[in-house]
Number of protein chains: 2
Amino acid sequence: MRAMRHPRPEDIELARVLHALSDPVRLDVVRQLDREGEATCAALDCGRPKSSMSHHFRVLRDAGVLRTRTDGTTHMNELRRAELDSLFPGLLQAVLTAPERGAA
Amino acid sequence: MRAMRHPRPEDIELARVLHALSDPVRLDVVRQLDREGEATCAALDCGRPKSSMSHHFRVLRDAGVLRTRTDGTTHMNELRRAELDSLFPGLLQAVLTAPERGAA
DNA sequence: TCGGTAGTTCGAAATTAATCGAACTACCGA
DNA sequence: TCGGTAGTTCGATTAATTTCGAACTACCGA
């Protein structure tokens, strides 16, 4: 497992973050991380194969949405809440609070 | 000019909205609309040809981010602020407040 | 040291999206 | 009715994304 890129706060771009959050699978991952604090990749599979999930984690990681920490043989993921809140106040909150689709 | 689809509030999806906002050109359009209230398509061209802008407006419209009103020969665009605020509280605010990229 | 487990990377196919010129449609005003 | 203006639609091209199996790497424990 190679070095994981985690962008520095000053390199986190709004458009990139929004793009990372614009996928249902990834949105689901982010919601779960919000509820559970942190989780391994395996715990968050959405019925998809590992390689697909790995891709989605990478998109989220590259965008700066989450941080992945290697812990032995597992990878622990957690939201970069503090950084995101500081860079884009209210954004994460709004996304996490929002329903998936407009209420009827 | 054919009928323009404007999704009903209950059909507006978070992921779709986020995707619509995840493009720099469209983000710029949204910011301008925020500042200026409403504007024609031509007034918001970002140096792109009309057909490109028309595409971006459609993405924003289809996602439910803005409403396009035909006014004679021009099209007036405005954010669907009330609906968005009601469906996804704080989201638009956060996106509009945020810097394009994290402050250094 | 030999599995086994966790997750990444590679490769390839299929889908979706962005871009832009050119042709088109609608409407206003002279 | 004849431009002209505003913007959409079409078509084609290119680029980016998603998806997933298969192979790979790293590390732990027996």
Side-chain angles (χ1 to χ4, degrees), chain A residues 1-7 13-30 32-33 36 38-78 100, chain B residues 1-7 13-30 32-33 36 38-78 100:
Chain A
M1 301 174 193
R2 251 159 256 176
M4 294 207 178
R5 274 178 317 229
H6 288 96
E13 289 168 38
L14 177 60
R16 213 172 170 74
V17 169
L18 292 173
H19 171 255
L21 296 174
S22 74
D23 179 278
V25 174
R26 293 193 292 260
L27 214 35
D28 195 45
V29 165
V30 169
Q32 287 192 60
L33 285 178
E36 296 163 32
E38 61 177 14
T40 62
C41 298
L44 299 178
D45 79 338
C46 306
R48 263 88 178 172
K50 293 191 301 177
S51 56
S52 296
M53 291 315 295
S54 190
H55 162 73
H56 288 303
F57 276 107
R58 196 158 93 85
V59 172
L60 287 166
R61 199 160 48 227
D62 286 354
V65 175
L66 57 78
R67 190 187 346 269
T68 305
R69 174 167 47 83
T70 296
D71 178 17
T73 167
T74 73
H75 286 187
M76 269 314 206
N77 299 283
E78 62 179 339
E100 289 275 345
Chain B
M1 300 177 194
R2 252 158 256 177
M4 292 206 180
R5 276 180 317 231
H6 287 98
E13 289 169 39
L14 177 60
R16 214 174 169 74
V17 169
L18 292 173
H19 172 254
L21 296 174
S22 73
D23 178 279
V25 174
R26 295 194 289 262
L27 214 36
D28 194 45
V29 166
V30 169
Q32 287 192 60
L33 285 179
E36 296 163 32
E38 60 177 15
T40 62
C41 297
L44 300 177
D45 80 338
C46 307
R48 262 88 178 175
K50 293 191 301 177
S51 57
S52 295
M53 290 315 293
S54 190
H55 162 73
H56 288 303
F57 275 107
R58 195 156 95 85
V59 172
L60 287 166
R61 198 159 49 228
D62 287 353
V65 174
L66 56 78
R67 191 186 346 268
T68 306
R69 175 167 46 84
T70 297
D71 179 18
T73 168
T74 71
H75 286 188
M76 269 313 205
N77 299 284
E78 62 179 338
E100 290 274 346

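Computation of the quantities below employed the complete heavy-atom set of this structure, encompassing side-chain atoms and omitting hydrogens, waters and symmetry-equivalent molecules.
Counting any heavy atom pair closer than 4.0 Å across all strands shown, His56(A) reaches sugar-phosphate atoms only and no base atom. Counting any heavy atom pair closer than 4.0 Å across all strands shown, Ser54(B) reaches a base atom. Residue contacts for Ser52(A): at a heavy-atom cut-off of 4.0 Å it reaches a base atom on one of the strands shown.
Within the structure, the salt bridge (charged side-chain N to carboxylate O under 4.0 Å, His left out) test picks out no pair touching residues 15-28 of chain A (sequence neighbours left out).
Considering all non-hydrogen atoms of both residues, Ala39(B) and Met76(B) come closest at C-SD, 3.5 Å. Across all their heavy atoms, His75(A) and Thr68(A) have their closest contact at CB-CG2, 3.6 Å. Across Leu66(B) and His6(B), no two heavy atoms sit closer than the pair O-CD2, 3.7 Å. The shortest heavy-atom contact between Ser22(B) and His19(A) is CB-N, 3.3 Å. The two residues Asn77(A) and Cys41(A) make their nearest non-hydrogen contact at ND2-SG, 3.4 Å.
Contact check, Arg61(B) against dT8(D): a side-chain N or O comes under 4.0 Å of OP1 or OP2. Contact annotation: His75(A) side-chain N/O to dA6(C) OP1/OP2 distance is not under 4.0 Å.
Between atom OG of residue Ser52(A) and atom NE2 of residue His56(A) there is a gap of 6.0 Å, rounded to the nearest 0.5 Å.
Toward the 5′ end of DNA chain D lies the nearest nucleotide of His19(A), the other residue of the pair His19(A) and Pro49(A) mapping further downstream.
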(request) Both distances under 3.5 Å, Watson-Crick or G-U wobble: on that basis, could you give the dot-bracket string for DNA chain D, with [ ] for crossing pairs and | for other-strand partners? (result) ||||||||||||||||||||||||||||||
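Here the C1' atom of nucleotide dA26(D) and the CE atom of Met4(A) are 11 Å apart, to the nearest Å. When the P atom of dA13(C) is taken as reference, atom NE2 of His55(A) falls 18 Å away, rounded to whole Å. Asp23(A) has its CG atom 12 Å from the P atom of dT17(D), to the nearest Å. Residue Arg48(A) contributes atom CZ, which lies 17 Å from atom P of dG7(C) at whole-angstrom precision. One can place CG of Asp62(A) at 10 Å from P of dT9(C), the figure rounded to the nearest angstrom. For Leu60(A) and dG7(C), the CG to C1' distance is 16 Å, given to the nearest whole Å. Atom pair Arg58(B):CZ and dT9(D):C1' shows a separation of 9 Å (rounding to whole Å applied). Residue Arg69(B) contributes atom CZ, which lies 17 Å from atom P of dA6(D) at whole-angstrom precision.
Residue side chain Ser51(B) reaches the base of dG21(C) through a donor-acceptor N/O pair under 3.5 Å, judged by distance alone.
Nearest to the side chain of Val59(A), among dA26(C), dA6(C), dT18(D), sits dT18(D).
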